[in-house]
Amino acid sequence: MAQAPGRSDRKGLTILQLMQMFPTEEAACKWFESQIWRDGRYCPHCGSTNTLENRGSEARPYHCRDCKCHFSVRIGTVMERSKVSMQKWAIAIYLHMTALKGVSSMKLHRDIGVTQKTSWFMLQRIRKAFDNDDEPPFGGPVEVDETYFGGREKNKHADRKLKGRAPVGKIAVVGARDRSTNKVRAKVVKRTDKPTLQGFISKNVACGATVYTDEAKAYKGMPFHHEAVNHSVGEYVRDMAHTNGMESFWSVLKRAHNGVFHKISQKHLTRYTADFAGRHGIRGLDTIEQMKYTVTSMVGKRLTYATLIADNGLVSGAR
């Protein structure tokens, strides 16, 4: 394949190569099985490896001799109960992983031939795969920064404008980037006060690590080696002290917000930030390795449509 602009240390995957990998539904199923059952097929209901093929059912092609349940590779993953073909799931994962700023549900529904409602649900389930709350804290050095999402008050109708100083009416998100691994974690928070921000840092940064932030008062007094840059006087870099990596991450996420999704509601913002943070951490991998990582991360997670659209007091949105 001819050398293209961009990073030369990672190997991409062309559309032609993708279709050669997944020419049929059977080929796609076998690939998903090879990733999810790397140590051999097992029953997702009881974990038994005492299984056999159930040729009488396409939806549940395997049978467990121990718990007597029928199952497929979808069970126990975010794809459970999905009627979308595995071939379309593979293509959706590819499109999602190769779009730096993400792919909209409107584009996906046209590309793989499903309804927009279905493509939106598929993308939210793929994002769910990056919902990893149990990873160990960053060893550092770590950059920490916060940002805000939401429409501009001047663009709202008069009866919807909120009074007060910025960032009134916006949603706060705090993030941390580990310079040694280039991994990012981000979280939607209700406020940006000292207990909230320092609580996030304590959970995600290992003891003894160096933390770099801006001059916000909420970061003062942390039990870490802490250095801050003073943005208010035009200081953005001082030796190793800066938050440029986190600000670059926010830039990509906000460009996706404005240019691809157009609207991301508070109800779903957590899933979007987790997705972008997760994909940021594996962007150095080859495309096929990114796809494999995504599939294995789907195991043990579930997102039903009822949960997705549940009324939790927040307004839904984002396409």
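What's counted below: heavy atoms across the whole structure, side chains too, no hydrogens, waters or symmetry copies.
Looking only at atom types and distance, the side chain of Lys254 has a donor-acceptor partner in the side chain of Thr147 under 3.5 Å away. For Ser251 and Ser248, the side-chain atoms include no donor-acceptor pair closer than 3.5 Å. Under the 3.5 Å distance criterion, with hydrogens and angles disregarded, no donor-acceptor pair is assigned to the side chains of Arg60 and Asn54. A side-chain N or O of Asp178 and one of Ser180 form a donor-acceptor pair less than 3.5 Å apart. Between the side chains of Lys101 and Asn258, no donor-acceptor pair is found at a separation under 3.5 Å. Side-chain atoms of Ser297 and Thr294 include no donor-acceptor pair closer than 3.5 Å. A donor-acceptor pair shorter than 3.5 Å cannot be found between the side chains of Thr243 and Asp145.
Taking every heavy atom of both residues into account, His242 and Arg179 meet most closely at O-NH2, 2.9 Å. The two residues Ala277 and Ala186 make their nearest non-hydrogen contact at CB-N, 4.3 Å. Closest approach of Phe121 and Leu308 over heavy atoms only: CD1-CD2, 3.6 Å. The minimum heavy-atom distance between Trp89 and Val84, with the atom names listed, is CD1-O, 3.5 Å. For Gly12 against Thr287, the heavy-atom pair with the smallest separation is CA-OG1, 3.4 Å. When all heavy atoms of Val142 and Ala176 are compared, the closest pair comes out as CG1-CB, 3.8 Å.
Without hydrogens or angle criteria, Asp286 side chain to Ile288 main chain gives no donor-acceptor distance under 3.5 Å. Without hydrogens or angle criteria, Gln17 side chain to Thr14 main chain gives a donor-acceptor distance under 3.5 Å. Formation of a donor-acceptor pair under 3.5 Å by the Ser105 side chain with backbone atoms of Trp120 is not found in this model. In this structure, Arg10 contributes its side chain and Leu285 its backbone to a donor-acceptor pair below 3.5 Å. Looking at Lys203, its side chain never comes within 3.5 Å of a backbone N or O of Pro137 through a donor-acceptor pair. Asp193 places a side-chain N or O within donor-acceptor distance of the main-chain N or O of Thr196, the cut-off being under 3.5 Å. The main-chain N or O of Arg41 is never found under 3.5 Å from a side-chain atom of Glu33 such that the two would form a donor-acceptor pair. Between the side chain of Tyr94 and the main chain of Leu13, a donor-acceptor pair closer than 3.5 Å is present. The backbone N or O of Leu303 lies less than 3.5 Å from no partner atom in the side chain of Thr307, so there is not a single donor-acceptor pair.
No more than 12 heavy atoms of other residues, nucleotides or ligands lie within 6.0 Å of CZ in Arg255, so this atom counts as exposed by the packing criterion. For Lys183, the NZ atom is loosely surrounded, since the number of other residues' heavy atoms within 6.0 Å does not exceed 12. When the shell of 6.0 Å around CD of Glu25 is examined, it contains more than 12 heavy atoms from other residues, nucleotides or ligands. In this structure, Arg38 places its CZ atom where more than 12 heavy-atom neighbours from other residues, nucleotides or ligands lie under 6.0 Å away.
Considering CG of Leu269 and NZ of Lys187, their distance stands at 13.0 Å, rounded to 0.5 Å. Of the inter-residue distances, the one linking Ile36 atom CD1 with Arg74 atom CZ reads 10.0 Å to the nearest 0.5 angstrom. Atoms CD1 and CD, on Ile75 and Glu80 in that order, are 4.0 Å from each other to the nearest 0.5 Å. Tyr62 OH to Thr51 OG1: the interatomic distance, rounded to the nearest 0.5 Å, is 8.5 Å. Going from atom CD1 of Ile126 over to atom OG of Ser119 covers 10.0 Å, rounded to the nearest 0.5 Å. Here OG1 of Thr118 is found 9.0 Å from NZ of Lys88. Values are rounded to the nearest 0.5 Å.
Within the cation-pi definition used here (under 6.0 Å to the ring centroid, within 45° of the axis), Arg279 does not qualify as a partner of Phe130.
Each ring-ring contact (aromatic ring centres under 6.0 Å, His included) pair with one or both residues in residues 279-299, not counting sequence neighbours, appears once here: Phe249-His280.
Screening His226, Glu143, Lys220, Glu146 for a side-chain hydrogen bond (donor to acceptor under 3.5 Å, both in side chains) involving Thr213 leaves a single residue, His226.
Between Trp250 and Phe276, the gap from one ring centroid to the other reaches at least 6.0 Å.
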| said: Is there a side-chain contact (heavy atoms from CB on, under 4.5 Å) between Asn182 and Arg283? Walk through the geometry before answering. | reply: CA-CA 10 Å; Asn182 201 33; Arg283 63 180 184 173; 3.6 Å; yes
| task | Start with the C-alpha gap between Phe32 and Trp37, add the side-chain angles, then the distance that decides, and say whether side-chain contact (heavy atoms from CB on, under 4.5 Å) holds. | result | CA-CA 8 Å; Phe32 275 96; Trp37 295 332; over 6 Å; no
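Residues passing the ring pair (Phe, Tyr, Trp, His ring centres under 6.0 Å) test with Phe22 are Trp31, sequence neighbours excluded. In this structure Arg125 satisfies the side chain to side chain donor-acceptor pair (under 3.5 Å) test with no other residue, sequence neighbours excluded.
Annotation: side chain of Tyr42 is not in contact with side chain of Ser48 (no heavy-atom distance under 4.5 Å).
By the 30° and 60° cut-offs, the orientation of the rings of His257 relative to Phe149 is tilted. Relative orientation of the His70 and His63 rings is tilted, given thresholds of 30° and 60° on the angle between their planes.
Val114 and Leu123 end up in the same hydrophobic cluster when Ile, Leu, Val, Met, Phe, Trp and Tyr side chains are linked at under 4.5 Å. There is no path of hydrophobic side-chain contacts, each under 4.5 Å, that joins Val184 to Val205.
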